[in-house]
Amino acid sequence: MMLAKLFSWFGPGYPKVDLVLAKREYTPGEKVTGSFHLQGGLRQVKIHRLECDLVKKTPGRKPRFIQPVTTVLMNRELGSKAETEYPFHFLLPEELLEEADESSYHLQTKLVLKNDVETTDTDEIHIRMSSI
């Protein structure tokens, strides 16, 4: 019984968020475009906000926050199995550093629901450094 209750809290019952980008490779200073796709879960839930941050991941280290990308405040209900889309765009910082390590850049998306329950999505973006 307890396992079933935990599964309902953290399992497929909650809505999903997916950031769909127009492409995967960008240069510093370039405009990144796409859309957030929200898909309802097993029951209607209240959405408080949608957040997206740019982070840098290096193997063996905690992800490093680079900058907030967007925060969309909401106070809306998302019905069971409902689907909706929100356009997305932002400018990559010009000052992204090229490093000789195995770091990668990611967009971390978070959908914050009632009672601060979160569902997340992480998308890697490839940053092509311009050769001078």
Side-chain angles (χ1 to χ4, degrees):
M1 179 71 165
M2 180 61 90
L3 189 58
K5 190 171 189 175
L6 281 172
F7 187 75
S8 73
W9 275 97
F10 298 106
Y14 282 106
K16 306 256 186 285
V17 60
D18 183 27
L19 174 56
V20 178
L21 299 172
K23 61 183 190 171
R24 292 283 178 200
E25 187 171 284
Y26 298 89
T27 56
E30 187 175 354
K31 185 176 184 178
V32 178
T33 60
S35 59
F36 295 107
H37 294 245
L38 277 56
Q39 182 175 11
L42 295 176
R43 58 182 177 254
Q44 184 169 319
V45 295
K46 181 167 270 191
I47 300 172
H48 290 287
R49 69 186 177 277
L50 175 68
E51 300 174 354
C52 187
D53 297 321
L54 178 64
V55 298
K56 183 175 183 179
K57 292 186 178 183
T58 304
R61 294 183 174 170
K62 289 177 71 173
R64 185 169 62 105
F65 174 82
I66 302 296
Q67 75 175 49
V69 172
T70 190
T71 299
V72 180
L73 298 177
M74 301 179 183
N75 190 18
R76 66 164 288 202
E77 299 282 335
L78 184 64
S80 170
K81 304 295 182 191
E83 295 183 20
T84 190
E85 213 175 290
Y86 292 94
F88 165 83
H89 70 276
F90 87 106
L91 289 177
L92 277 172
E94 293 270 355
E95 63 279 350
L96 291 177
L97 298 177
E98 182 173 14
E99 297 178 9
D101 59 17
E102 296 189 9
S103 296
S104 57
Y105 290 94
H106 298 258
L107 292 169
Q108 287 188 334
T109 305
K110 185 178 1 176
L111 188 62
V112 182
L113 311 172
K114 181 179 175 184
N115 297 327
D116 290 327
V117 172
E118 299 174 354
T119 62
T120 61
D121 178 47
T122 301
D123 295 276
E124 182 174 2
I125 58 170
H126 301 280
I127 309 295
R128 182 181 62 249
M129 299 299 167
S130 59
S131 55
I132 297 174

Between L21 and F88, is the side-chain contact (heavy atoms from CB on, under 4.5 Å) condition met? List the steps. CA-CA 8 Å; L21 299 172; F88 165 83; 3.9 Å; yes
What's the verdict on side-chain contact (heavy atoms from CB on, under 4.5 Å) for F65 and K56, showing C-alpha distance, side-chain angles and the deciding distance? CA-CA 6 Å; F65 174 82; K56 183 175 183 179; over 6 Å; no
Let's go through E124 and S104 carefully: what are the C-alpha distance in whole Å and the side-chain angles of both, what is the deciding distance for side-chain contact (heavy atoms from CB on, under 4.5 Å) to 0.1 Å, and is it a yes or a no? CA-CA 7 Å; E124 182 174 2; S104 57; 3.3 Å; yes
Kindly indicate, with the supporting measurements, whether the criterion side-chain contact (heavy atoms from CB on, under 4.5 Å) is fulfilled by L78 and K46. CA-CA 6 Å; L78 184 64; K46 181 167 270 191; over 6 Å; no
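Scanning for side-chain contact (heavy atoms from CB on, under 4.5 Å) contacts around E83 gives Q39, with sequence neighbours left out. With sequence neighbours excluded, no residue forms a side-chain contact (heavy atoms from CB on, under 4.5 Å) with E94. Qualifying side-chain contact (heavy atoms from CB on, under 4.5 Å) partners for T71, counting only residues two or more places apart in sequence or in other chains: R49, E51, L73.
Residues L107 and V72 are members of one and the same hydrophobic cluster, defined by side-chain heavy-atom contacts under 4.5 angstrom among Ile, Leu, Val, Met, Phe, Trp and Tyr. No continuous path of ILVMFWY side-chain contacts below 4.5 Å connects F36 to V55, so the two sit in separate hydrophobic clusters. A single hydrophobic cluster is not seen to contain both V69 and L91; linkage of ILVMFWY side chains at heavy-atom distances under 4.5 Å, directly or through other members, places them apart. No chain of hydrophobic side-chain contacts below 4.5 Å, direct or via other Ile, Leu, Val, Met, Phe, Trp or Tyr residues, connects V112 to V17.
Contact check for L54 versus P93: side-chain heavy atoms found under the 4.5 Å cut-off. Using a 4.5 Å heavy-atom threshold, the side chains of T84 and R76 count as touching. At least one side-chain heavy atom of M74 sits less than 4.5 Å from a side-chain heavy atom of L50.
Minimum heavy-atom separation, L19 to C52: CD2-SG, 4.3 Å. The nearest pair of heavy atoms linking P28 to R128 is CD-O, 3.4 Å.
The residues E77 and K114 are annotated as not salt-bridged, no charged nitrogen and carboxylate oxygen being separated by less than 4.0 angstrom. Note on R24 versus D123: salt bridge recorded, some NZ/NE/NH1/NH2 to OD/OE distance being below 4.0 Å.
Rounding to the nearest 0.5 Å places OG1 of T120 at 8.0 Å from CD of Q108. Taking OH from Y105 and CD1 from I127, the interatomic distance works out to 7.0 Å, rounded to the nearest 0.5 Å.
Not one N or O on the side chain of D121 forms a donor-acceptor pair closer than 3.5 Å with the backbone of T109.
Y26 carries K23 over the face of its six-membered ring, with the cationic atom under 6.0 Å from the centre and within 45° of the normal.
In this structure, H126 places its NE2 atom where more than 12 heavy-atom neighbours from other residues, nucleotides or ligands lie under 6.0 Å away.
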